[in-house]
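The structure appears right after this line, and notes come after that.
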Amino acid sequence: MPIHQTTSYVFEDSDAAAAYFNLQEYGNTYSRIMNPTVAAFEERVANLEGGAGAVAFASGLAAQSAALFTLLQPGDHVVASSALYGGTVTQFKHLLRKLSVELDFVDINQPSAWQGAIKNNTKLFFGETIGNPSGSVMDIQAIADIAHAAKIPLMVDNTFATPYLCRPLDWGADIVVHSATKFLGGHGTSLGGVVVESGEFDWSNGRFPIIEAPSPAYHGLKFHETFGTFGFLMKLRCETLRDLGACMSPFNAFLLAQGIETLPLRMRAHVSNALAVAEFLQTHTQVSGVHYAGLSASPYQTLVQKYLPKGAGAVFCFDLVGGREAGIQLIEQLSLFSHLANVGDAKSLVIHPATTTHRQLSDTELNAAGISAGTIRVSIGIEDAQDLIADLAYGLAAIT
Ligand SMILES: *Cc1c(COP(=O)(O)O)cnc(C)c1O
């Protein structure tokens, strides 16, 4: 796969250039909007997720911002799961407020709460296949049905599951977003994000003039009427990506596409190691709780069997009996786990939220966020499971 390390493309002639800029023909103009290496990455992800197409971005949060900007206008309303990645919570709370978009967080486990939150101006439902860090599993089909009955699209962050474990579009989701930074790339080297759309949502249902009406940002083009199945994706690329500018670099597209070639092998190792480690932790006297949906005792077992039959991902939290001090001691003792703020790497990763990502919070505030002072988050890699268990056993034994 070649790396097209170029900003722009020599046009065949003036007519061809005009046709590309008018979107009468699809062709490369400038790499902020499209690039052949990035396109190869986009096609791979779209195929894996079963979507009509995909648009890549500089990071997962750039992909989410672009999807929000494409769909929403001031005065609109979004319903989102309360069990989301911290960066997404911050993005939704503050960025959406700046855009005068209203937001309600609802319990991911209660479809009736999603139904109850719908308003006349609701334009989007948003959740994660596997929630971070709670380990919740989304009932995608039930929530998609509620959304569609009200003519609302469902967007799902599938970062933790990847299309190897779950394909949300098959269960009725309309848009899938990824932080490709994590399992898709798989090696912790490159940031990237991607938006995939099914092409099946009816954007002409009266609720989305922003996609149906002539666009003042593209000399009056009607994206839905002109591009049909690809209307949303074309607007996402040719308007939002063009204007926000957070494009994926060709080199990152190359690295992320290489990662995808080993996705099934890695995911099989990730989930089998995660289950082995979770089962070990569950029996340890220093551990008071293990929040891994793949455990047979998990409240999410029924949903796991339906949506994640090959495994419940590889990122989860567990709680230490000894609280904050025990958390610090364990992290200090581990040698195979890297202590850092990422997930989805081939290497095993660990973090103690109370002393890092959630450092500013009091114990009461930590509890409100669903974690405790002794909570540890792990992202289980593809090493030998027995080595990982031995490292944890050594670290847990060293807690005084
Ligand atoms: C990391 C992450 C993001 C954000 O992705 P970036 O590539 O870091 O911008 C979004 N959702 C989930 C679930 C993540 O883990």
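When a ligand or atom number is given, it counts from 1 through the structure's own listing order.
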What protein heavy atom sits nearest atom 15 (O) of ligand 1, and how far away is it? Lys182 NZ, 2.7 Å
Give the contacting part of Leu61 toward ligand 1: side chain, backbone, both or neither, where contact means a heavy-atom distance below 4.0 Å. both
Any idea which atoms of ligand 1 are less than 4.0 Å away from a heavy-atom of Ser59? 7 (O), 9 (O)
CG (Leu336) and NZ (Lys347) are apart, to the nearest 0.5 Å, by 11.0 Å
Glu197 bridged to Lys235 by N-O distance under 4.0 Å: no
Under 3.5 Å, N or O to N or O, is Leu191 touching ligand 1 that way? no
Could you label the plane-to-plane angle of the Tyr218 and Phe223 rings as parallel, tilted or perpendicular, counting under 30° as parallel and over 60° as perpendicular? perpendicular
Between the side chains of Asn28 and Tyr20, is a donor N or O closer than 3.5 angstrom to an acceptor N or O? no
Using the ring of each side chain (for Trp, its six-membered ring), is Phe254 parallel, tilted or perpendicular to Phe251, with breaks at 30° and 60°? parallel
Among non-hydrogen protein atoms, atom 7 (O) of ligand 1 lies closest to Thr181 OG1, 2.7 Å
Looking at Phe160, which atoms of ligand 1 are within less than 4.0 Å of one of its heavy atoms? 13 (C), 15 (O)
Can His291 and Asp319 be counted as having a side-chain donor-acceptor contact under 3.5 angstrom? yes
Checking the N or O distance criterion of under 3.5 Å, is ligand 1 in contact with Ser179? yes
Nearest-contact summary for atom 3 (C) of ligand 1 - protein heavy atom, Å: Tyr85 CE2, 3.3 Å
Aromatic ring pairing Phe183/His270, orientation class (parallel under 30°, perpendicular over 60°, tilted between): perpendicular
Just need the protein heavy atom nearest to atom 13 (C) of ligand 1, so name the residue and atom and give the distance. Asp157 OD2, 3.4 Å
